[in-house]
Q: 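The structure follows.
Proteins get letters first, then strands, A, B, ... in listed order; numbering begins at 1 in each.
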Amino acid sequence: MDAKIFRERLLGWYQEHQRDLPWRHTRDPYPIWLSEIILQQTRVAQGLPYWEKFMQAFPTLPDLASAEEQQVLRLWQGLGYYSRARNLHACAKQVMEEYNGQFPRTYDELLKLKGVGKYTAAAIAYFAFGEAVPVVDGNVYRLFSRVFGIETDIASSKAFNEFFNLGLELIDTQRAGAFNQASMEFGATYCKPQNPPCLTCTFASGCHALATGQQAKLPVKIKKTKVKDRYFHYLVFVHADQVLVRTRPVGDIWTGLHDFHLVETTKPATPDEWPTDLGKLLMGHSLKGGDVEYKHLLSHRRLHARFYEVNVPEKDAFEGLATQLEMQAVTWGNLENLAKPVLILRFLNDREI
DNA sequence: CAAACGTGGCA
DNA sequence: TTGCCAAGTTT
């Protein structure tokens, strides 16, 4: 399909069907950057409330830069991929210190910012500064691969260059218009991963995938990792209105966030089957619970968390137990008042600790 | 460059 | 229920 035809159809569709999103009403790079970080691997419906929360709490870049990292993480709770929150904060400080509080205006400079990769740099360069750089995200991979019949594995590194170069051909450098927004929007809401409505599509004539019935096969994405199961047996020690929390170790899921002491197994296990003596040890200490299960599903792993609430009548008597359990970096606190970001699991909502 | 990183919606 | 995967970046 000719570049001009593609562009006209895409922009024609977009004019009719674009969503009204708050970060589209501005060219201020700050709210645009914030939206792009939040929307990495995240749907608009899920990210929008967070964008609003952040804009409320930190209306300007200096507000965010001068905040405590803990406060940023607390606001990010529940969104996932928490390194984004740390990079967000680090980036804000970086722009304040290295760029005099002004976002750099070019793709190459934007790429140097923390948490800003090829996609986000292109998006900001385009949306805030009008640089005609094509964005290549999951939606663009899908749209281009289907319409033009590209069978390159989109997980491979050369795929990016191939799609980026195609984007350069398709984008109109003279009057770039809303090309990038339109291609992402179309991929997100019309040329969907499953069951796209091809018969009424504006690209119905000329689409390679429709002509060959390859909609479900494209884009090609080779997946390799197999699913692993992890079983977390949480011990929630409770004393009056306080619980024992700890900082999660670096190098694992939820790094630096807070949760409770846990025993991990690779299979379902009851306390007496745990690889430590913990289960037996706790039998004498009113171990209750075991009825709250939190299932966490990822593309390549399944997390199963079960919670055991352990009542601690006297903190002093507990010290010996804590030593035996080899518990480290733990502190007592009221979850509501903790000044630290706490990993909110369903358990907490259920129990109102 | 493969692997790791969260969560929630959908069929 | 299970699998797929979404406006990606970092290591």
Q: Rounded off to whole Å, could you give me the CZ-to-P distance for the F160(A) and dG8(C) pair?
A: 12 Å
Q: Starting at CG of L34(A) and ending at C1' of dA7(C), how long is that distance when rounded to a whole Å?
A: 13 Å
Q: Under the 3.5 Å rule, do the base of dA7(C) and the side chain of R19(A) count as making a donor-acceptor pair?
A: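 It does, because a donor-acceptor pair links the side chain of R19(A) to the base of dA7(C) below 3.5 Å.
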Q: Taking ring-ring contact (aromatic ring centres under 6.0 Å, His included) as the test, write out the residues that go with Y99(A), two or more places apart.
A: none
Q: Name every residue in residues 214-221 of chain A that has at least one heavy atom under 4.0 Å from any atom of DNA chain C, in order of residue number, or write none if there are no such residues.
A: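 Going residue by residue through residues 214-221 of chain A, none turns out to have a heavy atom under 4.0 Å of DNA chain C.
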Q: By the side chain to side chain donor-acceptor pair (under 3.5 Å) test, which pairs, at least two apart or in different chains, include something from residues 207-219 of chain A?
A: none
Q: Going by atom types only, do D153(A) and S156(A) share a side-chain donor-acceptor pair under 3.5 Å?
A: no
Q: Please report the distance, rounded to the nearest Å, between CG in D229(A) and C1' in dG3(C).
A: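 About 14 Å, once rounded to whole Å.
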Q: Is there a side-chain contact between R86(A) and the phosphate of dT10(C), meaning an N or O under 4.0 Å from OP1 or OP2?
A: no
Q: Looking only at side chains, do R9(A) and S205(A) share a donor and an acceptor under 3.5 Å apart?
A: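 Checked: R9(A)/S205(A) side chains pair up, N/O donor to acceptor below 3.5 Å.
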Q: Tell me which residues in residues 40-60 of chain A put a heavy atom below 4.0 Å from DNA chain B, sorted by number, or none.
A: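 Under 4.0 Å from DNA chain B: Q41(A), T42(A), R43(A), Q46(A).
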Q: Heavy atoms from C-beta onward define the side chain here; which of dC5(B), dA7(C), dA11(B) lies closest to that of N195(A)?
A: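 Of the candidates, dA11(B) comes closest.
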Q: Quick one: which residue pairs count as a salt bridge (charged side-chain N to carboxylate O under 4.0 Å, His left out) with a foot in residues 180-204 of chain A, not counting sequence neighbours?
A: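 As it turns out, the salt bridge (charged side-chain N to carboxylate O under 4.0 Å, His left out) pairs with a partner in residues 180-204 of chain A, which skip direct neighbours, are R19(A)-E185(A), R24(A)-E185(A).
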Q: So, using side-chain hydrogen bond (donor to acceptor under 3.5 Å, both in side chains) as the criterion, who are the partners of T202(A) when residues are at least two apart?
A: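 Counting only residues at least two positions away or on another chain, T202(A) forms no side-chain hydrogen bond (donor to acceptor under 3.5 Å, both in side chains).
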Q: What is the distance, to the nearest angstrom, from the OH atom on Y81(A) to the C1' atom on dG6(B)?
A: 6 Å
Q: Taking the C1' atom of each, how far is dT11(C) from dC1(B), in whole Å?
A: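 My reading of the C1' atoms in dT11(C) and dC1(B) gives 10 Å.
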Q: In terms of ring plane angle, is the pair Y141(A) and F163(A) parallel, tilted or perpendicular, where the classes change at 30° and 60°?
A: perpendicular
Q: I need the residues from residues 109-120 of chain A with at least one non-hydrogen atom less than 4.0 Å from DNA chain C; give them sorted by number, or say none.
A: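 Residues of residues 109-120 of chain A under 4.0 Å from DNA chain C: K114(A), G115(A), V116(A), G117(A), K118(A), Y119(A), T120(A).
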Q: What is the distance from CG of L39(A) to C1' of dG8(B), rounded to the nearest Å?
A: 14 Å
Q: Taking the P atom in each of dA7(C) and dA11(B), what is the distance between them to the nearest angstrom?
A: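 After rounding to an integer number of Å, I get 15 Å for this pair.
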Q: Could you pick out which residue, M184(A) or N87(A), lies toward the 5' side of DNA chain C when each is mapped onto its nearest nucleotide?
A: M184(A)
Q: Contact class for G78(A) (heavy atom, under 4.0 Å): base, sugar-phosphate, or nothing?
A: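 Answer is sugar-phosphate: G78(A) comes under 4.0 Å of backbone atoms only.
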Q: Whole Å only: how far is the CG atom of L79(A) from the P atom of dG8(B)?
A: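 Value for this atom pair: 9 Å.
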Q: Over how many whole Å does the gap from W254(A) atom CH2 to dA4(B) atom P extend?
A: 16 Å
Q: Can you list everything that forms a side-chain hydrogen bond (donor to acceptor under 3.5 Å, both in side chains) with S183(A)? Sequence neighbours excluded, please.
A: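 By the side-chain hydrogen bond (donor to acceptor under 3.5 Å, both in side chains) rule, S183(A) matches no residue at all.
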Q: Quick test of your reading: applying salt bridge (charged side-chain N to carboxylate O under 4.0 Å, His left out), list the pairs with at least one residue in residues 92-101 of chain A, sequence neighbours left out, ordered by first then second residue.
A: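 The answer is none; no pair qualifies.
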Q: As a test of reading the structure: which of dG6(B), dA7(C), dG3(C) is closest to the side chain of W23(A), going by heavy atoms?
A: dA7(C)
Q: Could you tell me which residues satisfy ring-ring contact (aromatic ring centres under 6.0 Å, His included) with F203(A), sequence neighbours excluded, listed by chain and number?
A: F6(A), F186(A)
Q: At 4.0 Å (heavy atoms only), tell me whether R24(A) reaches a base, stays on the sugar-phosphate, or touches nothing.
A: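 The residue R24(A) makes base contact.
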Q: Inspect the contact between R230(A) and D252(A) and indicate whether a charged nitrogen and a carboxylate oxygen are less than 4.0 angstrom apart.
A: yes
Q: To the nearest angstrom, how far is L88(A) atom CG from dT10(C) atom P?
A: 12 Å
Q: Which residue pairs pass the salt bridge (charged side-chain N to carboxylate O under 4.0 Å, His left out) test with at least one member in residues 125-134 of chain A, sequence neighbours excluded?
A: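 Sorted result for residues 125-134 of chain A: empty, none.
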Q: Mapping Q194(A) and R84(A) onto DNA chain B by nearest heavy atom, which one lands closer to the 5' end?
A: R84(A)
Q: Only counting residues at least two apart or in another chain, list the ones meeting side-chain hydrogen bond (donor to acceptor under 3.5 Å, both in side chains) with Y119(A).
A: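 For Y119(A), the residues satisfying side-chain hydrogen bond (donor to acceptor under 3.5 Å, both in side chains) (neighbours in sequence not counted) are E36(A).
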